[in-house]
There are 2 protein chains.
Amino acid sequence: MLLGGSSGQSALLSLLWAVVVSFSYSAIPIDEARNELLNREKMVRLGEHLVLRKEEEQVNGNLMTLKKAEITKAMKTQEFPPSMHFFHAKKLIEKSDVFHILKKMPKGAALHLHDFGILDGDWLVKNVTYRQHCYICFNPSGTLQFRFAHSTPSNNKQDNSSKWILLENYRRELQNVTEFDNSLLKTFTLVTENPEVTYADQHDIWAKFDTIFHTVSGLVHYAPVFRDYIFRSLEEFFLDNVMYLELRAMLLPVYELNGETHDKEWSVRTYKEVAELFAKDHPEFIGLKLIYSDNRSKDVSLIKESIQTAMALHTSFPKTVAGFDLVGREDTGHTLYDYREALLIPTMEGVKLPYFLHAGETDWQGTSIDNNLLDALILNSTRIGHGFALSKHPAVMEDLRKRDIPIEVCPISNQVLKLVTDLRNHPAVAFMAIGYPMVISSDDPGFFGAKGLTHDFYEAFMGIGGMNADLRTLKQLAINSFKYSSLSSSEKKTALQTWEKEWDTFIDNLVKK
Amino acid sequence: MLLGGSSGQSALLSLLWAVVVSFSYSAIPIDEARNELLNREKMVRLGEHLVLRKEEEQVNGNLMTLKKAEITKAMKTQEFPPSMHFFHAKKLIEKSDVFHILKKMPKGAALHLHDFGILDGDWLVKNVTYRQHCYICFNPSGTLQFRFAHSTPSNNKQDNSSKWILLENYRRELQNVTEFDNSLLKTFTLVTENPEVTYADQHDIWAKFDTIFHTVSGLVHYAPVFRDYIFRSLEEFFLDNVMYLELRAMLLPVYELNGETHDKEWSVRTYKEVAELFAKDHPEFIGLKLIYSDNRSKDVSLIKESIQTAMALHTSFPKTVAGFDLVGREDTGHTLYDYREALLIPTMEGVKLPYFLHAGETDWQGTSIDNNLLDALILNSTRIGHGFALSKHPAVMEDLRKRDIPIEVCPISNQVLKLVTDLRNHPAVAFMAIGYPMVISSDDPGFFGAKGLTHDFYEAFMGIGGMNADLRTLKQLAINSFKYSSLSSSEKKTALQTWEKEWDTFIDNLVKK
């Protein structure tokens, strides 16, 4: 049962009946039937049961006035950011009054993020590539590699890459450093002027996506950068009024200048330490947890090892490592079913390892990949990464809801990665209309030209929620982000208290205006 | 309750429980849980309850092999017709083996068509504009008007149009008639090489859409052409293996060469006579009914008159005039609620006038237009034209289903008119997955470069149905087209019998191959 009880239904029918049998027109019956339907739809909408205090109602009124003006204008100009590609829409969004309110809004937690998709290329160019000891290598395919080292790294014998060049020297020889830095910037981002032309299909955009991860890898896994990347990530989200993060982290080896590499435990400890350091100066910051992730392109035997690693990490760092996920493009990877032997290891060994599985990040219905949603449910996934294909799976949809398992909706990511063009056609539109468990996140904002959660909240509020989503919807999304997090009950309680204080300040500041 | 009972659910939970508590891995529990989910989803899919006879199973096997090959190839090449604009996809579709089977398939009835959106521009240029006494007038805005007359028509005094020119003379003076005919062709169609560039937004495409209707009006309302247009429409659909049509007809005045005009009754009689004439030579042809339609841009007072006309026509031609609808772009027109006084007249007067209301042909959620779906339900609409926005209205969705009121899904129309880009994101995808009442139709195939129903069936079968839709889905869609038609019970029975014979022949021919 997706909707509420059926008592409303019989009431409606009797009203309709009144219209039909009375044979005397009156405005009342049609209006009553209408209000009854409007109320039934209102009742099940995401966040509708929340009761707002007087000040919140006031803020809601103002917010909805701004929102309606923006949508009404867009209906005339046909320039509606959620129906445009984000790369074109971004400038418009950032001019929006609604966007500025959303920016200030305490949005709670970001639960679907990837370790090194958070910061933008600009940060990498300016704050990383100008550091000492940074070597660069130009591959014949046009891709770049970076490496920090005391002395020139040696080449892989099997490839035809150029030699490693000290970037400092390379820049010194250049006539136009700005031009070079801009070209670097382009290798760190998916953003382009004409995404429709640059990326003809999903293959193109995913190829570039994977290349970026590969390119930044040598930069971000250098220990000092690794620490700074984490710190700056927390800072960017915190500045965007996000207080808590759960990161899908691959935990690839982090290296030092002398070539020494660190193991996964070191990386987890570093995440923990940096988060604690950040929290010292930012008492409202709640923390960071990791979802250890491996790539779904790998053989089952390797994923079996990763599951063992995940169990060990979850045991060693119960407060930091929340569980496990498989990442990478679903359409070209193995299915969850292919990995069933690996994924059932914890059950078999009587160990509890929470899963946060990507599932249904595909447009292809009825394929083996599309069935990942079934297996994510069967494997007791704590949340569903994306779940874009969920509306095609009524049984999974029903069971997930009964078990209160949310989908992690990442609107901009889904659009940029070409699952949907106009976000008003995002399947989450129907889910939001029935109050389906969900959170909003930003996946890899650094690659998309977004920051924190606000751009995605804008798309969700304006495009997915339509004219009906209001402050209640937003508040519920923020509450959901804690409710569906991996925080313990007591951590959740504290987190919600901290968030509520922030929320009240946010409301009071808007009321004062 | 959108899905079946909950007994399957408890069975699933017990299986999951078995996995969780047994702590001994075995492939069986996960497979059983999986099959249980797969079966539950299969059970509710459109047409899944149909039992196929042996020969149908054989045809289904072959059909699904072709379909799977086509989809699998598309996953590699990323050239999947339903995710491309139809103007680009058309050539690919027509090369498809699946398309050729669908073409031969007896598809039943076409229930959502507009009177003069059926035939393509080529037919108009070659079979209409070359007739004697055809005058043309070039408006300063670049639009064209046509008029058949004994002598040169006089101009409207208030406009700056050119004089009326006898087309025969005009063509005689031209150096390049082919070029001129091609330019005419362009004024009769939405088809263009780069629809994304030609039509930046919905305003653009609807403007052109309305212009075409205006342009062809003078041609198709000339009595001899009017008759031929109807006849050829029936023929094209019949050749496409569609046996019955319900047309939204505006019933604008039809004129003779001497300027004499006919009333609506004359038009209805002519539709009836031409259909009977066609049926004489095509005994499998079942017929034609009309849904008298007026434009939702008009004032309420005028629509009140139209409702009176509709009631009169429905009384005078109970077997030909099925009911009433309001047509035109919803987003710029009046809402159904605005017309409530008009639309409640039949109820008030105790007259039964079935409605076939367009509702929810919009992307704008939560607007007054979006609420047309509520009012279409309350006003007892027999079917819902498009219902594109339905997934955003859970209460309406539930009630329509309970009352077995179908949506008329027109995939190509929705794509061309820019409601959705990739048809895998069409809301009907989720509806087909839950066996929601629906029929497939083609709206205005003549403007879109489509013919009959087959192109839309292809999009629905491949794009909306995904890998799961099979012969059962197709058969159910054909059966639905009679079930949800305005045919009387006895007419339905006869129609289904005729259709079943055709269906069996279709199957047997494929088996023989």
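No experiment lies behind these values; they were computed from the predicted model shown. Residue numbering restarts at 1 for every chain, and letters A, B, ... go by the order of the sequence lines.
Looking at A:Gln365, its side chain never comes within 3.5 Å of a backbone N or O of B:Asn468 through a donor-acceptor pair.
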Output, in order, the C-alpha distance, side-chain angles, deciding distance and verdict of side chain to side chain contact (heavy atoms under 4.5 Å, CB included) for B:Thr77 and A:Asp201. CA-CA 9 Å; B:Thr77 61; A:Asp201 55 41; over 6 Å; no

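A salt bridge does not link A:Lys76 to B:Asp331: none of the charged nitrogens lies less than 4.0 Å from a carboxylate oxygen. Between B:Lys392 and A:Glu41, none of the side-chain N atoms (NZ, or NE/NH1/NH2) sits under 4.0 Å from a carboxylate O, so this pair counts as no salt bridge.
The CG atom of B:Leu37 sits 6.0 Å away from the CG atom of A:Asp399 when rounded to the nearest 0.5 Å. For the atom pair CG of A:Asp31 and OH of B:Tyr337, the computed distance is 3.0 Å after rounding to the nearest 0.5 Å. Rounding to the nearest 0.5 Å places OG of A:Ser83 at 5.5 Å from CH2 of B:Trp364. We find the CD1-CD1 distance between A:Ile378 and B:Ile30 to be 5.5 Å, quoted to the nearest 0.5 Å.
Here the closest non-hydrogen pair linking A:Gln202 and B:Gln78 is N-OE1, 3.0 Å. Residues A:Ile434 and B:Pro394 share a closest heavy-atom pair of CG2-CB, 3.5 Å. Contact between A:Ala430 and B:Ser391 at its shortest, heavy atoms only, is CB-O, 3.5 Å.
Interface remark: A:Ala469 contributes no atoms to any contact with chain B (heavy atom separation under 4.5 Å). Using a 4.5 Å cut-off between heavy atoms, B:Phe388 contacts chain A through its side chain alone, with no backbone atom that close. Neither the backbone nor the side chain of A:Leu343 comes within contact range of chain B; no heavy atom of the residue lies under 4.5 Å from a heavy atom of that chain. Interface remark: A:Ile345 contributes no atoms to any contact with chain B (heavy atom separation under 4.5 Å). For B:Ile369, no part lies near chain A; criterion is any non-hydrogen pair under 4.5 Å. In this structure, no portion of B:Thr362 lies under 4.5 Å from any heavy atom of chain A. Proximity to chain A is absent for every atom of B:Ala200, based on heavy atoms less than 4.5 angstrom apart. There is no contact between A:Asp204 and chain B, counting heavy-atom distances below 4.5 Å.
When the candidates B:Leu374, B:Val420, B:Thr421 are compared by the number of heavy-atom contacts under 4.5 Å with chain A, B:Leu374 comes out ahead. Contact count versus chain A (heavy atoms, under 4.5 Å) is highest, among B:Asp422, B:Asp375, B:Leu419, for B:Asp375. Contact tally against chain B (heavy-atom pairs below 4.5 Å) for A:Met467, A:Lys418, A:His426, A:Met75: the top residue is A:Met75. Contact count versus chain A (heavy atoms, under 4.5 Å) is highest, among B:Asn425, B:Ile71, B:Thr367, for B:Asn425.
With sequence neighbours excluded, the residues that form a salt bridge (charged side-chain N to carboxylate O under 4.0 Å, His left out) with A:Arg472 are A:Glu48, A:Glu57, A:Asp470.
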